[in-house]
**Q** 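For reference, the structure I am asking about is given below.
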Amino acid sequence: LDKPVVYGNIETGAISLMGSDIDSLRAVADWRRDRQEVDLKMDILCNDTYHTLVQGIYVPKHDSIDINVRANHLDMYFLNSVIPKNTINEIRTALSANLRIYGNLKRLDFLGNAFIEDTYVDVAPNDVAYYVPEAVMVLSPGLFSFRDMDTYDMYGNYGIVDLNIRHTH
């Protein structure tokens, strides 16, 4: 786009977004001609009490974003629509975090810490479901790390798991 102009305001009531239940969503986009970028702001309300705030910019010239996310019990069920089914059959979890998501939309990076709770993961290759009551995830460029996760499988077995997920998103 040589001369992009973006202005928008969206407000919803209760919706399901890619499988995640949301009580309300308010999003605003404002074109900033002097900086040639779009200011983005979003407020997501879940379970009538948990807010997730998103604020940052989109730069059309570079097709890139730089946003901060302050999540409070955000329903992450939407991950099921982006994770390949040959790895994870289903994942359910809630995320609380302070994150930065940045970079070209074809290669995003993440930075920050997240707390996940009540996580259920059905792993496709071994067809076993696992439960993680709570865990801390450290996000850094190209890597999501989990350490010392108390983990239970669907048969009641217990283990402590360290996990690194590398990505070239």
**Q** Report yes if some heavy atom in the side chain of Val123 is under 4.5 Å from a heavy atom in the side chain of Ile88; otherwise report no.
**A** yes

**Q** Which pair of non-hydrogen atoms, one from Leu95 and one from Met76, has the smallest distance, and what is that distance?
**A**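 Scanning both residues, the minimum pair turns out to be CB-CG, 3.7 Å.
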
**Q** Would a distance-only check, ignoring hydrogens and angles, find a side-chain to backbone donor-acceptor pair under 3.5 Å from Asn89 to Asp127?
**A** no

**Q** Same hydrophobic cluster for Val82 and Ile67, using side-chain heavy-atom links shorter than 4.5 Å among ILVMFWY?
**A** yes

**Q** Under the salt bridge (Lys or Arg N to Asp or Glu O under 4.0 Å) rule, what do Arg32 and Glu37 come out as? Steps first, then yes or no, please.
**A** CA-CA 5 Å; Arg32 300 296 182 208; Glu37 60 191 31; over 6 Å; no

**Q** Quick one: side chain to side chain contact (heavy atoms under 4.5 Å, CB included) partners of Arg166, sequence neighbours excluded?
**A** Leu143

**Q** Which distance, rounded to the nearest 0.5 Å, do you find between the CD1 of Ile160 and the CG of Asp148?
**A** 6.5 Å

**Q** Is Tyr120 reachable from Ile83 through a run of I, L, V, M, F, W or Y residues, each pair having side-chain heavy atoms under 4.5 Å apart?
**A** no

**Q** Any ring-ring contact (aromatic ring centres under 6.0 Å, His included) involving residues 56-96? Give me the pairs, sequence neighbours left out, ordered by first then second residue.
**A** Tyr50-His73

**Q** Is any side-chain heavy atom of Tyr130 closer than 4.5 Å to a side-chain heavy atom of Met154?
**A** no

**Q** Is there a donor-acceptor pair closer than 3.5 Å between any side-chain N or O of Thr87 and the backbone N or O of Lys85?
**A** no

**Q** Is there a path of hydrophobic side-chain contacts, each under 4.5 Å between heavy atoms of I, L, V, M, F, W or Y residues, that connects Leu53 with Val38?
**A**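 No, it is not one cluster - the side chains of Leu53 and Val38 are not joined through contacts under 4.5 Å.
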
**Q** For residues Val54 and Leu108: do they belong to one hydrophobic cluster (side chain heavy atoms under 4.5 Å, members Ile, Leu, Val, Met, Phe, Trp, Tyr)?
**A**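 Looking at the clustering, Leu108 is in the same group as Val54.
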
**Q** Would you give the length of the straight line joining atom CG of Leu163 to atom OG1 of Thr151, rounded to the nearest 0.5 angstrom?
**A**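 So the CG of Leu163 and the OG1 of Thr151 are separated by 9.0 Å.
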
**Q** Does Leu111 share a hydrophobic cluster with Val136, counting links as ILVMFWY side-chain heavy atoms below 4.5 Å and allowing steps through other members?
**A**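 Not linked; separate clusters.
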
**Q** For the residue pair Asn164 and Arg147, what are the closest heavy atoms and their distance?
**A** OD1-NH2, 3.2 Å

**Q** Taking Asp39 for the side chain and Ile57 for the main chain, is one N or O donor matched with an acceptor at less than 3.5 Å?
**A** no

**Q** Can you see which heavy atom on Ile116 is nearest to which on Thr93, and at what distance?
**A** CB-OG1, 3.7 Å

**Q** Looking at Val132, Thr119, Asp162, which hits side chain to side chain contact (heavy atoms under 4.5 Å, CB included) with Met149?
**A**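 One option only clears the test, and that one is Val132.
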
**Q** Just wondering, do Leu25 and Met42 contact through their side chains at under 4.5 Å, heavy atoms?
**A**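 SC-SC contact between Met42 and Leu25 confirmed.
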
**Q** So, the side chain of Asp75 versus the backbone of Asp21: is there a donor-acceptor pair under 3.5 Å, distance only?
**A**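 Yes; at least one donor-acceptor contact below 3.5 Å.
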
**Q** Test side chain to side chain donor-acceptor pair (under 3.5 Å) on Tyr152 and Asn157 and set out the steps.
**A** CA-CA 5 Å; Tyr152 302 86; Asn157 299 308; over 6 Å; no

**Q** Between Thr52 and Asp43, is any pair of side-chain heavy atoms under 4.5 Å apart?
**A** no

**Q** Looking only at heavy atoms, which two atoms of Asp23 and Cys46 are closest? And how far apart?
**A** OD2-C, 3.3 Å

**Q** State the CD1-CG distance between Ile101 and Leu99, to the nearest 0.5 angstrom.
**A** 6.0 Å

**Q** Starting from the C-alpha separation in whole Å, work towards a yes-or-no answer on side-chain contact (heavy atoms from CB on, under 4.5 Å) for Leu105 and Ile65.
**A** CA-CA 7 Å; Leu105 291 179; Ile65 62 170; 3.7 Å; yes

**Q** If you look at every heavy atom in Met137 and Phe146, which pair is closest and at what distance?
**A** SD-CZ, 3.3 Å

**Q** Between Phe110 and Phe144 (judged by ring centroids, cut-off 6.0 Å), do the two rings come close enough to count as a pair?
**A**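 Distance test on ring centres: under 6.0 Å, yes.
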
**Q** Please identify each residue that fulfils ring pair (Phe, Tyr, Trp, His ring centres under 6.0 Å) with Tyr131, with sequence neighbours left out.
**A**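 With sequence neighbours excluded, Tyr131 shows a ring pair (Phe, Tyr, Trp, His ring centres under 6.0 Å) to no residue whatsoever.
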
**Q** Between CD1 of Ile15 and CD1 of Ile44, what distance do you get to the nearest 0.5 Å?
**A** 8.5 Å

**Q** Is a side-chain donor or acceptor of Asn68 paired with a backbone partner of Arg100 at a separation under 3.5 angstrom?
**A** no

**Q** Tell me the closest heavy-atom pair linking Ala29 and Leu40, and the distance in Å.
**A** CB-CD2, 4.0 Å

**Q** First locate atom CG of Leu45, then atom OG of Ser24, and finally report the distance between them rounded to the nearest 0.5 Å.
**A**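 These two atoms lie 4.0 Å from each other.
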
